[in-house]
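Taking it in order: structure first as structure tokens, then the write-up.
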Amino acid sequence: MKLEDINKDSIFKVPENYFEEFPDKLQERIAETRKGKAIPIIPLRRIVQFAAAAVILFFTIYGLIKINDQPATIDQMLSEISTEELINYLVESDMSTEELLADIDISIITSNEDPINDEVITTDPIDEKIIDEILDEYEIEMQYL
Amino acid sequence: MQEEKEILLKIKDPASRNHGFNLLVKSYQQRLYWHIRKMVLDHNDTDDLLQEVFIKVWKNIDQFREDSNLFTWLYKIATNECLNFLKRKKNKYHVSIENASNELYNKLDNNPYISGSEIQIKLQKALLRLPDKQRLVFNMKYFDDMKYEDISKITETSVGSLKASYHIAVKKIEEYINLD
């Protein structure tokens, strides 16, 4: 099919008397500007859209506040317990060193994110005897490191 | 041209300024309305933009140079308003170009002020696949039968580029309407 085969008549319609009424409607708006009134650049339906967005935003923020009011997470609760209390609990629980280490991510012990400390560790030679003594003392096997 | 001169003379005289402007609105409202409507499709959007165009004309009519063509000047303002409106629509809420086109597609299917044959609607959908400026050029040439020289003044684009743009647009549209 070629373009010229298509009927060129407009498919768009206008409300009845639109062009008859338009000049008066425009004159009214211009009169408002001359009186110093602000022209409503944002049409009413856009204002409704903005109002709807504001309501959604309000409830989102309200919801977030409510979530924050809820009981703290395990990490937050643990951070409120002192190290001393935690050690006492672990001593009383009679757990062996192996049992404790089994649940610990080994990367937490071995990784060091501080580049300055990294440098200290790698440049400061440690006597192997001292390492062995520490390992024996804490019954840590080499496989964990 | 004579009509343009009479309107401008009336607008220049403070005593007949309102009357002159009213004549200008009545003379050009339909042509500008259809020029805008073909780009934004929706009647309410067109109505908003047409008011904005005439308010801009009212505020800036003193800056209009008499050696220029009033018709070209008005079309230029309307064209800028249209293109800015479409740009804003695409930027608003970070809507992608595809989604903005989809919104216009939907207007073609569900609008009480749009009714045409299946192939006419398909032609409009094919037009929505063109970049806005190419669609504008196509509308002015194909539907309004305007001269390339006049389109060139409005769009500030060379006649050669406009001819190439129109030729490519026709090829793209015919490809689309002949699909399936």
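The analysis underlying the following values was restricted to heavy atoms, covering all of them including side chains, and did not include hydrogens, waters or symmetry mates.
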Do [X] and [Y] sit in one hydrophobic cluster, given that two such residues count as connected whenever their side-chain heavy atoms are within less than 4.5 Å of each other, even indirectly?
{"X": "I168(B)", "Y": "Y148(B)", "answer": "no"}
{"X": "I121(B)", "Y": "Y113(B)", "answer": "no"}
{"X": "L9(B)", "Y": "V57(B)", "answer": "no"}
{"X": "V159(B)", "Y": "I154(B)", "answer": "yes"}

Interatomic distance, [X] atom [atom1] to [Y] atom [atom2] [nearest 0.5 angstrom]:
{"X": "I177(B)", "Y": "D5(A)", "atom1": "CD1", "atom2": "CG", "value": "8.0 Å"}
{"X": "K171(B)", "Y": "L3(A)", "atom1": "NZ", "atom2": "CG", "value": "14.0 Å"}
{"X": "I11(A)", "Y": "S117(B)", "atom1": "CD1", "atom2": "OG", "value": "8.5 Å"}
{"X": "N111(B)", "Y": "K13(A)", "atom1": "CG", "atom2": "NZ", "value": "11.5 Å"}
{"X": "Y33(B)", "Y": "F19(A)", "atom1": "OH", "atom2": "CZ", "value": "6.0 Å"}
{"X": "F12(A)", "Y": "L108(B)", "atom1": "CZ", "atom2": "CG", "value": "6.0 Å"}

Using a cut-off of 6.0 Å, state whether more than 12 heavy atoms not belonging to [X] lie near its atom [atom1].
{"X": "E16(A)", "atom1": "CD", "result": "no"}
{"X": "K163(B)", "atom1": "NZ", "result": "no"}
{"X": "E118(B)", "atom1": "CD", "result": "no"}

Can you say whether [X] sits under 4.5 Å from chain B via the side chain, the backbone, both, or neither, judging by heavy atoms?
{"X": "L26(A)", "value": "side chain"}
{"X": "I30(A)", "value": "side chain"}
{"X": "K25(A)", "value": "side chain"}

Q) Is the shortest heavy-atom distance from the side chain of M1(A) to the side chain of E174(B) under 4.5 Å? A) no

Quick one: what part of [X] sits under 4.5 Å from any heavy atom of chain A, side chain, backbone, both or neither?
{"X": "D47(B)", "result": "both"}
{"X": "L41(B)", "result": "both"}
{"X": "I114(B)", "result": "both"}

Q: Measure across V14(A) and W34(B) and return the closest heavy-atom pair with its distance rounded to 0.1 Å.
A: CG1-CH2, 3.9 Å

Q. Do you know which of S115(B), A126(B), G116(B) has the most heavy-atom pairs under 4.5 Å to chain A?
A. S115(B)

Q.
For chain A, which candidate among Q124(B), K38(B), Q120(B) shows the most heavy-atom pairs at distances under 4.5 Å?
A. Q120(B)

Q | Counterpart residues, salt bridge (charged side-chain N to carboxylate O under 4.0 Å, His left out), relative to K147(B) (two or more places apart) | A | none

Q) Does the cation-pi check pass for K8(A) over F143(B), that is, NZ or CZ under 6.0 Å from the six-membered ring centre and within 45° of its axis? A) no

Q. Are the aromatic rings of H43(B) and Y18(A) close, with centres under 6.0 Å apart?
A. yes

Q) Which residues in residues 10-26 of chain B have any heavy atom lying under 4.5 Å from a heavy atom of chain A? A) N18(B), F21(B), N22(B), V25(B), K26(B)

